[in-house]
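One structure below.
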Amino acid sequence: MTHHELIEKARSVLNPRKLSSFGAEAGGVGCALITDQGNVYTGVCIEQCSSLSLCAEHVAIGAMITAGETRIKTIVAVNWDGTVLPPCGICREMIIMVDDGNGEAEVILKDKVVTAKALLPEHWCAH
């Protein structure tokens, strides 16, 4: 799968919507990742008015882990308008923490592709 195809996969799950009267919303950010086994997993953000929100990357990574995989080859997130977003700090941590090899995962940014390790230099638990 090309980087463009993975970006399009992330865009395909965008569906910004209100979930409840409690202020929960979902679908404003989409994520797609491909594993070292060639499987693609997607997710959308789930936002709440409390600190219990989930980034789209967390949801996609959760789907991957639920399916029994942990190694990310490439990952990308897109905003509600389809533009590519860099992962937040918490997502950068999660990408690296779920598999020892994920520091080498490709992270698609707006104008380049970098490794997850490059986005999180001097990691606090680096071996």
Side-chain angles (χ1 to χ4, degrees):
M1 175 171 280
T2 68
H3 291 162
H4 178 73
E5 290 170 327
L6 198 61
I7 292 168
E8 288 304 311
K9 192 71 166 171
R11 288 178 178 151
S12 76
V13 296
L14 289 171
N15 182 15
R17 62 201 180 276
K18 182 178 178 179
L19 298 177
S20 72
S21 63
F22 297 105
E25 298 178 351
V29 174
C31 175
L33 66 84
I34 188 166
T35 67
D36 64 337
Q37 299 299 309
N39 296 309
V40 176
Y41 299 95
T42 59
V44 297
C45 65
I46 304 168
E47 299 180 46
Q48 301 178 38
C49 59
S50 66
S51 63
L52 299 175
S53 298
L54 294 172
C55 295
E57 294 94 331
H58 288 195
V59 176
I61 290 169
M64 173 188 69
I65 291 170
T66 299
E69 295 188 73
T70 59
R71 185 71 184 265
I72 299 168
K73 179 182 175 196
T74 309
I75 188 167
V76 66
V78 297
N79 204 1
W80 63 271
D81 63 358
T83 59
V84 174
L85 294 172
C88 74
I90 295 169
C91 290
R92 294 172 193 205
E93 285 277 345
M94 179 172 259
I95 291 165
I96 286 181
M97 298 293 270
V98 299
D99 188 286
D100 289 342
N102 282 348
E104 299 306 316
E106 295 178 322
V107 181
I108 300 172
L109 303 176
K110 185 176 180 181
D111 57 353
K112 61 185 173 180
V113 178
V114 299
T115 64
K117 183 172 43 181
L119 289 177
L120 206 57
E122 304 299 325
H123 191 258
W124 62 273
C125 72
H127 319 318

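When every heavy atom of Arg92 is checked against every heavy atom of Pro87, the shortest pair comes out as NE-O, 2.7 Å. Among all heavy-atom pairs drawn from Ala56 and Val29, the shortest one is CB-O, 3.4 Å. Heavy atoms only, all atoms of each residue included: Tyr41 and Thr35 are closest at CE1-CG2, 3.6 Å. Shown here for Ala32 and Thr42, the closest heavy-atom pair between the two residues is CB-CG2, 4.1 Å. The two residues Val107 and Thr115 have their closest heavy-atom pair at CG2-C, 4.3 Å. Here the shortest heavy-atom pairing between Arg11 and Gly82 reads NE-O, 2.8 Å.
Using a 4.0 Å cut-off between charged side-chain N and carboxylate O, Lys73 and Glu106 make no salt bridge.
Using a 4.5 Å cut-off on side-chain heavy atoms (C-beta onward), Ile75 and Cys31 make contact. The shortest distance between side-chain heavy atoms of Cys91 and Met94 does not fall below 4.5 Å. Counting heavy atoms from C-beta on, the side chains of Arg71 and Asn102 come closer than 4.5 Å. The shortest distance between side-chain heavy atoms of Val76 and His3 does not fall below 4.5 Å. When side chains are defined from C-beta on, Ile90 counts as touching His58, because their heavy atoms get closer than 4.5 Å. By the 4.5 Å heavy-atom criterion applied to side chains, Asn15 and Val44 are not counted as neighbours.
Hydrophobic clustering (side-chain heavy atoms under 4.5 Å, transitive across Ile, Leu, Val, Met, Phe, Trp, Tyr) groups Met1 together with Val78. Taken together through direct or relayed side-chain contacts under 4.5 Å among Ile, Leu, Val, Met, Phe, Trp and Tyr, Val40 and Val113 form part of one hydrophobic cluster. In this structure, Leu14 is not a member of the same hydrophobic cluster as Ile61, with clusters built from ILVMFWY side-chain heavy atoms closer than 4.5 Å. Cluster membership for Leu109 and Leu33, using ILVMFWY side-chain heavy atoms within less than 4.5 angstrom, is shared.
The NZ atom of Lys110 lies 7.0 Å from the OG1 atom of Thr83; values are rounded to the nearest 0.5 Å. Atom CE in Met64 sits 11.5 Å away from atom CD in Gln37 (nearest 0.5 Å). With rounding to the nearest 0.5 Å, the separation of CD in Glu57 from CG in Leu85 is 8.0 Å. Between Glu5 atom CD and Ser12 atom OG the span is 12.0 Å, to the nearest 0.5 Å. Taken to the nearest 0.5 Å, the CD1 atom of Ile72 stands 5.5 Å off from the CD1 atom of Ile95. The CG atom of Leu6 sits 5.0 Å away from atom CD1 of Ile108, with the distance rounded to the nearest 0.5 Å.
Listed for the Asn79 side chain is no donor-acceptor partner under 3.5 Å among the backbone atoms of Asp81.
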- Verdict with reasoning, Ile46 to Leu19, per side-chain contact (heavy atoms from CB on, under 4.5 Å): CA-CA 9 Å; Ile46 304 168; Leu19 298 177; 4.3 Å; yes
